[in-house]
Amino acid sequence: MTSASITDPDPEDTTLSEIFIQIAEGYQNGQDTLELMGSNPSITSSWNATEGLLTLTGPATFDEFNNAIENIVFQTTQVVFTQDRQFSINLGDANYLPSTGHYYFYVADPGITWIEARDAAAQQTYFGLQGYLATLTSQEESQLAGEQSAGTGWIGGSDAETEGVWKWVTGPEAGTVFWQGNVNGSAPNEAFSFWNTNEPNNAGDEDYAHITDPSIGILGAWNDLANTGDLNSDGPYHPQGYIVEYGGMPNEPEINLSASTTLIMPRVLDNDIIVCAANTFTLMAEASTIDVLWFESPTSTTPIHTGLSYDVNITTTTTYWLLPVVNACLTNVERYPLTVTISETPSVNNMTISQCEDAIMDGISNFNLNEYRDVIVNGSLDNLEVHFFETMALSIPINTDDYTNLYNNQTVYAQVTNTLTGCVAIAELLLSVNTNAVNSAAISVCDNLDETGLVSFDLSLAESQILNTESADITILGYYATHNDALLQANQLTTNYTNTQAYNQTIFARLEQNGSCYSIAEVNLSVERLPSLLEDETVFYCTNTFPDTISLTAGVVGDIPNNYYYNWSTGETTINIAINEPGNYTVEVTKPFGCSNTRTITVLPSNTATFETIDVTDLSENNIVSVSVSGDGDYMYALDSENGPYQDSNSFENVASGIHTVYVKDLKANCGIVSTDISVLGFPKFFTPNGDTVNDTWQIKGFTSEFEIMARIDIFNRYGKRVGTLNRNQPKWEGTYNGKLLPTDDYWFVAEFADGRIIKGHLTLKR
């Protein structure tokens, strides 16, 4: 210490019993010491290595203590320094931290709960300052209160209000969140926290912060405990006390119990420097001292320079060795390397970027500067970032994908930065708009058979049309859907391109010369419509009319048929053809020097029906006739009238007995009607032989000489006497027996038919 002065407003008070000098910040336990040297007859000293605290004990006068303070020597065995040392001189026994101006006091109280410790701390005062359970918001506070305190104990953090949300709940920081979550949580807003390994873990509803026992994990670090801690008094998690902090509360008195001083420890705060390209540079050393010696090696004895700055010309990567100078400190020999790395500046090209004129001839166009990154930079783009700006000052950035120049031949700037070294190069880019006129192209393709107006175009067919009169160094870079896409080289089309606008669409070809846009050419795509034809159809040919023919037509719609060429699958080339055979007939219809369309006519066979069988169910209450035919047609059926009505079913029910004609008509091609006669047998229930010519005889209906159906019918009276016989020669009965009239009565008959059927029934004779 260089000097100290202790005063008291009371002139009668000139003595003290003790003073405390502490290494409050930066203390290195085991390496740093404070020692009282010289003659101090009234004062003794004691060193507490755990707290970094030297106690001077009297009683002695103020002057004797002042002299003793000046005789205290700080010594350290540390040779590589990371922190300066701050010393506090305290008239009270609390620890004083200069960076906060607060006082800290450890209270031993084994077994005390967190809530009891909180309340006890709030009841304590220190020279008028209000006490509270300590809130440790910096590394310096944590070191002083945790590592240098007399024992482990409670501090003022808790997540009892909301699990996982750790807050300071005491002192001026009350309500401040310093941690969220458990062991894998995080500190919001870069708040300070010093949790021990695998803490906080909430093992058993642990809601209160505690400085961990020195035997566990990181010295001075925190863990979370339940309010009571471990009840085992021999365990490392049994509370041993708490830490009280004084200072920072509102309306506190100003006290002057402490002073502090800082000892600058010799060190260089930075080392490596990266510079871009060989040049003369001013190297700045940031050190904790006001003077630095520069050496060529860690062992050279003669410095090459002295001072915090050094102007030097560097052509290769070089390491200097810096020694911070502390006056009267003869043991400081630690040198710090400072490496100056020479990095290459990116190699760039100033260039002219030529672009084509847009739709308006004004020297203004759109540029896609991203397309030129690889030619602006010599070599690979790895680890390089390229940004574009309107001004040399790099103050106005450019939209590199689509930049509209301000005027023709405008200069813009590309900043190329090496992301590893930070070295920067600037390239000047001249934006020039070309106004060259070139040929357009037209490609025409026939529509597809679906006739959508959307077909595939071979865009390479436009090349010869566009480049017909151009020099050999002009090439087509690609084709684009819009003029702007061609300008910006965006969304290039494939060579086999299907148009997106039916029948007519204009796309654009980008022409280049020596890597820059030469011009934009229009390419007109047109889809030729096919001849308009009738839909494919199916017709029928009546094979029963062979060799008669029917006519097939090509079916041109909306135009004069003579304006087209025809090619039938039969080899004929006329508009219409005549055929007399079923089959598929295809005609290709072609415009002169134009597109073709095809039409297919399917000719299916049809004909009149051929009778196969006719089944008659007769002599019943419901006589049924079923007709079976064969043939290629679709057939309908009618009974007794060629004009119908016709029915789809080939069966007729409730057919009256008698002679009938069945008609079968072809529907497919109206190939004709065929017919045949049938006999439906039946007998009347009564007859009246009274000479009025109505029902005067009885006979089986449907029986004629044309049908060899009935063989014999015998008629009997109620007594079983045969009174009449009918056959082919005698088909009717007049109601007589041996020339005599029989009376009104019921009679019975037995009919035997040639097909083997035997029918029995009865009839009534009425007079």
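All values below were derived from every heavy atom in this structure, side-chain atoms included, with hydrogens, water molecules and symmetry-related copies excluded.
A donor atom on one side chain and an acceptor atom on the other are not found under 3.5 Å apart for S526 and N504. Inspection of the T319 and T339 side chains reveals an N or O donor paired with an N or O acceptor under 3.5 Å. Under the 3.5 Å distance criterion, with hydrogens and angles disregarded, no donor-acceptor pair is assigned to the side chains of E141 and T100.
Looking only at side-chain heavy atoms (C-beta outward), L525 and V523 come within less than 4.5 Å of each other.
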Which atom pairs, donor and acceptor, lie under 3.5 Å between side-chain atoms of residues 420-438 and protein residues at least two apart or in another chain?
| residue | atom | partner | partner atom | Å |
| --- | --- | --- | --- | --- |
| T421 | OG1 | C423 | N | 3.2 |
| S432 | OG | N409 | OD1 | 3.4 |
| N434 | ND2 | C517 | O | 2.6 |
| N436 | ND2 | Y518 | O | 3.0 |

For residues 177-187, tabulate all N or O donor-acceptor pairs below 3.5 Å that involve a side-chain atom, not counting sequence neighbours.
| residue | atom | partner | partner atom | Å |
| --- | --- | --- | --- | --- |
| W179 | NE1 | G181 | O | 3.2 |
| W179 | NE1 | N182 | O | 3.1 |

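For E528, the salt bridge (Lys or Arg N to Asp or Glu O under 4.0 Å) criterion is met by no residue, not counting sequence neighbours. E357 is linked by a salt bridge (Lys or Arg N to Asp or Glu O under 4.0 Å) to nothing, counting only residues two or more places apart in sequence or in another chain. Take E252 and apply the side chain to side chain contact (heavy atoms under 4.5 Å, CB included) test, not counting sequence neighbours, and it matches L129, Q130, M249.
Cation-pi check for R529 over Y503 is met; the charged atom lies under 6.0 angstrom from the ring centroid and within 45 degrees of its normal. Judged by the 6.0 Å distance and 45° axis criteria, R335 is positioned over the aromatic ring of F295.
Within the structure, every pair that satisfies the side-chain hydrogen bond (donor to acceptor under 3.5 Å, both in side chains) test and touches residues 410-419, not counting sequence neighbours, is listed here: Y403-Q410.
Aromatic ring pairs are classed by plane angle as parallel below 30°, tilted from 30° to 60° and perpendicular above 60°; the pair Y96 and Y103 is tilted.
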